[in-house]
Structures are given as C-alpha cells and as structure tokens.
Amino acid sequence: MESISQDIFQKFGYREIRTPIIEEKSLFVKSIGEETDIVTKEMFSFKDRGEREIVLRPEGTAPIVRAYLEANLHKTDTFQKFYYMGSMFRAERPQAGRMRQFHQIGAEAIGSGLPEIDAEVIKLLTSLLDAMKIKGYKIRINNLGCKEDKTSLSKTLRGVLTKEKNALCDDCRKRLDINPLRVLDCKNESCRSLIRGAFKSVKFLCKKCDEHFNKVLACLDRLGIKYELDPYIVRGLDYYTQTVFEVTHPGLGSQDALGAGGRYDNLISDMGGPQLGAAGFALGVERILIVAAKQGPTVDPHDEKVVYVATMGDAARKKGFELIDLLRSDKWEKKVVFDMDYENKSLKAQMREADKLGAKFVLIIGDDEISKGEAMLRDMMTKEQQGVKFDDVVRTIKGKIE
Ligand code: AMP
C-alpha cells in the first residue's frame, strides 16, 4: 500500500514529511479543540522527565502545520504539498477497525484557498483507493462554511435540538451546550435517527462560502468524481472549515470510515502563522486492509519477478553470492527480486523454497557447473534448463525478463 501510494503522491506533486511521534499536548488541545473526543478521551498523554506534558500524536495535520511554521515555510515557500504515512495513537476501547495504535496515509496542501485544491485532495484520495483496487467506497461531502457560518449553524442546531434534549445520549447533551455541531455526527443510532428527523439541511452559508463550495463541486464533476451531499458530516475536529468529506465503505460495519478530511483555513493563523488556506485528508490503513481482505486479493503479490540462486557446496555458494550481487547491481526496468539460500539447505529444499517464492527462474550452481564456468538456468514455468556462462548470466536473464 505504501509503495503504491508513493507513486501516486509523486504524480500529484506531494513530498513526504515525517514528524515526530511525540508532540506537546497543547498542540492538539489548541488545534483539534478542547472539547473534542480526541482531546478529552483519546490521547495518550503523560509527563516526560522535564515535567512537560507530551502526547503520542493522535493525528497528522496539526504536527505538519507546526513543522511548516517552525521551518518558516510560510515566509519562504508558502505553498507546500505534503504526504505522510505513519502510526497514530488513540486511547480507545479496541474493536474491529479501531485500534490504539493504527496507521494513516494522508496528505496536506498548505497555502491555497482555491477550490481546485479541495477537489485535488479528494481526487488524490480516490486515486489512492483506486490504485489499491478498493471497490464500492462512497464519498460524502458537506460544507461547514467559515467561522461565522459555523457559529450560525451551531445556533440553529442548538435551537432545534434543545427541544429534543432529553432523548439525546449523555455525550450529545453535553455537546449541545459546548459544541452542537458535533451532535450531527454522533454514532449512537437513536441520536442519529432523532437528528435526521429534527434537522434537515438549512441555508447558513454566506455568499462567499456558498460560491466556494459550488466551485468545488463543479471541479469534482469535471473530474468525474461521484459524491453524495451529506449535511450531517461535521468531523470530530474543531479546525475544519468549509469543505469536509468522509469516505465510507459498506464492508466495514459500524466503524465505516475509510478516511476523511477537509479544509482548515484558520488552523495556520490560529497556530500563530498568517491567514492561509489549506486542505487535506487521512486514510486509515487498517480499515483499507479489512476491506481488501474481504474483497479478496487486490494487489498481485507476484507483480515482482523472482530469480532464485540455488547452490551446492562452498565453491558454488561463493560464486552464487557473487552472481547475485552482479544481478542486483544492474539496472532493471521491472521489479525483480534476487535471492538465494542462506541456511545450507539441500538442493531439493532450495527448489521448494524457489517454488514458494514464485520464482520465474532458478540459477543452479554445483561443482560441475563451477568446473565448466557456467550456471544452469531453469525456467520454472516450462521446466527447460540451459547452461549459461557466468559472464553471460546477467545478459541472459535480462533478455528473458525484460
Ligand atoms: P480521523 O483523523 O479521525 O478523521 O481519522 C481518519 C481515518 O483514520 C478514519 O477514517 C479511520 O479510517 C482511521 N482511524 C481513525 N481512528 C482509528 C483507530 N482508532 N483505529 C483504526 N483506524 C482509525
């Protein structure tokens, strides 16, 4: 998955960034929001020996913005496109698709407020899933508007939902006071149906945000990306503004999000930088693996060609070791794996191993071959064998593989 992703990121012009696993707790409290689930319940936080409050990172966006500002990129190379892959940590009750240490593959485009960027990150996300041969996912999209629009939506929601307060779950009752937007994405079934009955989409977007969103949707249409408008998507993190989206998959059960993201136009300025637009997403690696396992093989494990060197005796092993180095040192167009036995196995066991690895060719070397100055090249499909002079080994294998 990682190497497939690297190819796609490279095509889109995103460069890799690696941030530390440990960050100061305040980074996430300020950015994700004091009253969010991640900050109140899900962070692994502790004090280090210097009595500093540190946490294992629960997500990638805030650390990347921190790194961007610390490196002063906002003053020199404002527009940056980053991708990341790595472990995230959330102290949750483990269940299917929900781990305390999990992995995300994500991207952040920092320094642009243009609608093309919202569309590009969504296209990037679908390109990744398509390259991983994930089928049947759904993109749901919403617009939260700017800070002022979010406040006006919160007010409307508080008004509508206060009447239903007693029927809401404990968490939602608290959310209603602190951050009513979050009631919209409660996973509790009874809250969900109540909210869907009480609240239909309302017009709360200012003209500018409405126009931005229409342009984003027009870009997505031009790219041929299918989406569903969903007024109930708000995302659990406070820093989102404008476009927010989720990718879900029916094969996942209750934890049905493969990934999510959106625009965060105030995060950079909230963290002490200039007012700059930005958008990104994160995909959950383990969730993709769950879907992939249900779908059956997605990525062909035999995409790479294997050449195995089987040797008998010390002199042959020495020669085989030399030849494998020659083979590996050459330039290969295709993905080729060169390997040999390091356990002193019998020839029969080495051939079994070559079979297990799906080897296309086996180079067999014994005392006879050493004395003739050649190796026996066996085509594992046709079972044909031919003697190849040691000096010709690389050229001959190249001719057969490429
Ligand atoms: P979030 O940062 O919460 O938007 O999460 C982005 C994606 O990461 C989700 O859609 C999931 O696919 C994945 N994810 C989040 N939390 C977990 C977890 N505890 N275990 C496994 N995957 C997770």
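All values reported here derive from a predicted model rather than from experimental measurement. Remember, it's 1-based here, ligands and their atoms both numbered in the order they're listed.
- Closer than 4.0 angstrom to ligand 1 sit non-hydrogen atoms from R90, E92, G97, R98, M99, F102, Q104, R235, A257, L258, G259, A260, A282, G284, R287.
- With sequence neighbours excluded, no residue forms a ring-ring contact (aromatic ring centres under 6.0 Å, His included) with Y240.
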For residues 61-68, please give each side-chain donor-acceptor pair under 3.5 Å, one per line with the distance, not counting sequence neighbours.
residue : atom : partner : partner atom : Å
T61     : OG1  : E108    : OE2          : 2.8
T61     : OG1  : Y239    : OH           : 3.3
R66     : NE   : E23     : OE1          : 2.7
R66     : NE   : E23     : OE2          : 3.3
R66     : NH1  : E70     : OE1          : 3.2
R66     : NH1  : E70     : OE2          : 3.3
R66     : NH2  : E23     : OE2          : 2.9
Y68     : OH   : T78     : O            : 2.6

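- The pair K147-D270 counts as a salt bridge, with a side-chain nitrogen and a carboxylate oxygen less than 4.0 angstrom apart.
- Residues that satisfy the ring-ring contact (aromatic ring centres under 6.0 Å, His included) test with F89, not counting sequence neighbours, are absent from this structure.
- The residues K319 and E322 are annotated as salt-bridged, a charged nitrogen and a carboxylate oxygen being separated by less than 4.0 angstrom.
- For the 3.5 Å distance criterion, the side chains of N266 and Q275 qualify, holding a donor opposite an acceptor.
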